[in-house]
Amino acid sequence: MSTDASMQDAPTPAGAVIAAIDGSHRDPAVLDWAAAEAVAVGAPLHLVHAVDLGTPLSAYGELLTSPDIVDKVEQESVRVATEARERVTATHPALAVTIALPTGAPAGGLLNAADGARLLVVGSARKTKAERIVLGTTSLSVVAHSPCPVVLVPEDCDVRGDGRVVVGIDGSEHSRLAFQYALEVAALRGKTVTTVTSWNVEVVNGVVVTEPGSPEWETVDKRYRDMAEATIADLRAAHPEIDVSVEVHHGRAADTLVEVAHGADLLLVGSRGRGGFRGMLLGSVSQRILGRATVPVGVLHKH
């Protein structure tokens with residue numbers, strides 16, 4: 001049982017990429033993406049499988065109180081973690097991989113592990129052919145409260161996209177943070193960065209702007225483009241080697257970002273979720289993106 005104990009006690013290596021696993025069909029996508037990320041940035045990979053031993057496992061509300069049941073659950077956790085490590089080392093044999101099996105609420109275990117980590121990678125599952133992603137309470141809580149950036153990986157997404165890192169820009173400091181991270185990602189991988197700014201309903205001279213190509217439309221479009229350019233100007237200038245394109249679209253922010261990012265390597269957004277107890281909620285745009293995206297989505301908070 002020494003192996004079990006070492007797994008349970010393994011701390012998160014400084015600057016590690018964490019892969020949150022749960023023994024479900026979501027794990028392969030999370031593992032493949034997190035391992036590729038760890039290799040790309042030269043970071044260790046830390047696998048975390050949290051099990052809540054106080055969660056009822058039956059329709060009768062029975063808790064995991066029997067020593068035999070607890071032992072079986074712990075053995076299953078070790079099996080899940082061991083198979084996950086084997087999957088990673090089969091394709092990345094030189095990658096340093098550690099494992100932790102914390103007990104308690106999964107969200108709490110993951111958030112504790114994320115302290116000092118470079119990135120936390122969690123999974124999501126598709127529910128219908130309408131490409132709607134189901135965000136469990138654990139994933140949503142982790143994305144909202146993590147002390148490090150979080151990437152949510154849809155279960156059927158391609159680990160390798162078309163080479164773009166897409167980032168939403170709305171003029172806020174949160175979006176600047178996301179752009180800065182996008183540049184870091186692109187610099188390490190030789191990727192391109194596409195910024196996306198959108199506007200939906202605008203009024204010029206008392207009239208709602210609805211006609212593409214009209215002087216009013218062009219005025220609004222230019223105003224948003226100027227805002228986006230000003231938001232990223234200094235950061236962009238510091239990385240002349242990175243190809244950055246600025247796009248302005250008409251439409252709802254979340255819908256536009258999801259559409260533009262389809263097929264990309266990564267979609268990044270800065271969360272405007274509020275602090276304190278209200279921080280339990282992500283910004284509405286971030287929530288909508290996480291609910292519809294078909295590519296990995298990174299969410300960054302300004303701490």
Side-chain angles (χ1 to χ4, degrees), residues 7 12 16-39 45-52 55 57 73 76-92 95 97-114 117 119-146 148-161 258 261-267 269 282 286-299:
M7 286 184 179
T12 304
V17 172
I18 296 177
I21 57 176
D22 62 6
S24 73
H25 56 283
R26 294 183 289 271
D27 286 355
V30 170
L31 288 167
D32 293 348
W33 198 94
E37 178 72 8
V39 170
L45 180 66
H46 190 54
L47 309 180
V48 179
H49 179 32
V51 178
D52 189 352
T55 300
L57 290 187
V73 170
E76 176 65 12
S77 298
V78 171
R79 182 193 66 78
V80 168
T82 301
E83 290 182 357
R85 179 169 56 188
E86 291 173 350
R87 179 185 179 92
V88 170
T89 56
T91 52
H92 303 287
L95 180 61
V97 182
T98 53
I99 295 174
L101 303 174
T103 57
L110 289 170
L111 291 174
N112 288 335
L119 185 69
L120 172 58
V121 184
V122 299
S124 64
R126 299 206 179 284
K127 184 178 181 181
T128 69
K129 293 183 179 179
E131 295 187 332
R132 185 140 188 107
I133 297 173
V134 179
L135 291 177
T137 55
T138 297
S139 294
L140 190 58
S141 179
V142 166
V143 172
H145 294 287
S146 175
C148 69
V150 179
V151 171
L152 188 140
V153 182
E155 64 177 308
D156 55 357
C157 79
D158 193 342
V159 173
R160 296 182 179 180
V258 169
H262 183 71
D265 282 32
L266 181 65
L267 169 58
V269 293
L282 287 172
S286 297
Q287 288 194 61
R288 186 170 177 82
I289 289 171
L290 290 173
R292 298 189 58 227
T294 58
V295 302
V297 179
V299 180

Examine distances only and state if a side-chain atom of [X] and a backbone atom of [Y] form a donor-acceptor pair shorter than 3.5 Å.
X   : Y    : answer
H49 : I21  : yes
T91 : V88  : yes
T12 : A113 : yes

Please report the closest heavy-atom contact between [X] and [Y], naming both atoms and the distance.
X    : Y    : result
V17  : A34  : CG1-O, 3.8 Å
A19  : V30  : CB-CG1, 4.0 Å
A84  : L31  : CB-CD1, 3.6 Å
C148 : A117 : CB-O, 3.5 Å
G123 : R26  : C-CD, 4.0 Å
A114 : L120 : CB-CD2, 4.2 Å

side-chain contact (heavy atoms from CB on, under 4.5 Å) assessment of V143 paired with L290: CA-CA 10 Å; V143 172; L290 290 173; 3.8 Å; yes

Given V97, I18, V80, the one that forms side-chain contact (heavy atoms from CB on, under 4.5 Å) with L47: V97

Basic-acidic side-chain contact under 4.0 Å: E83, R87: no

Worked check of side-chain contact (heavy atoms from CB on, under 4.5 Å) between W33 and D265: CA-CA 10 Å; W33 198 94; D265 282 32; over 6 Å; no

Candidate pair I289 and L267, rule side-chain contact (heavy atoms from CB on, under 4.5 Å), full reasoning: CA-CA 9 Å; I289 289 171; L267 169 58; 3.6 Å; yes

Are the side chains of [X] and [Y] in touch, meaning some heavy atoms are under 4.5 Å apart?
X    : Y    : answer
R85  : I99  : yes
V151 : L119 : yes
V78  : L101 : yes
S24  : D27  : yes
V48  : P102 : yes

side-chain contact (heavy atoms from CB on, under 4.5 Å) evaluation trace for V258 with T294: CA-CA 8 Å; V258 169; T294 58; 5.5 Å; no

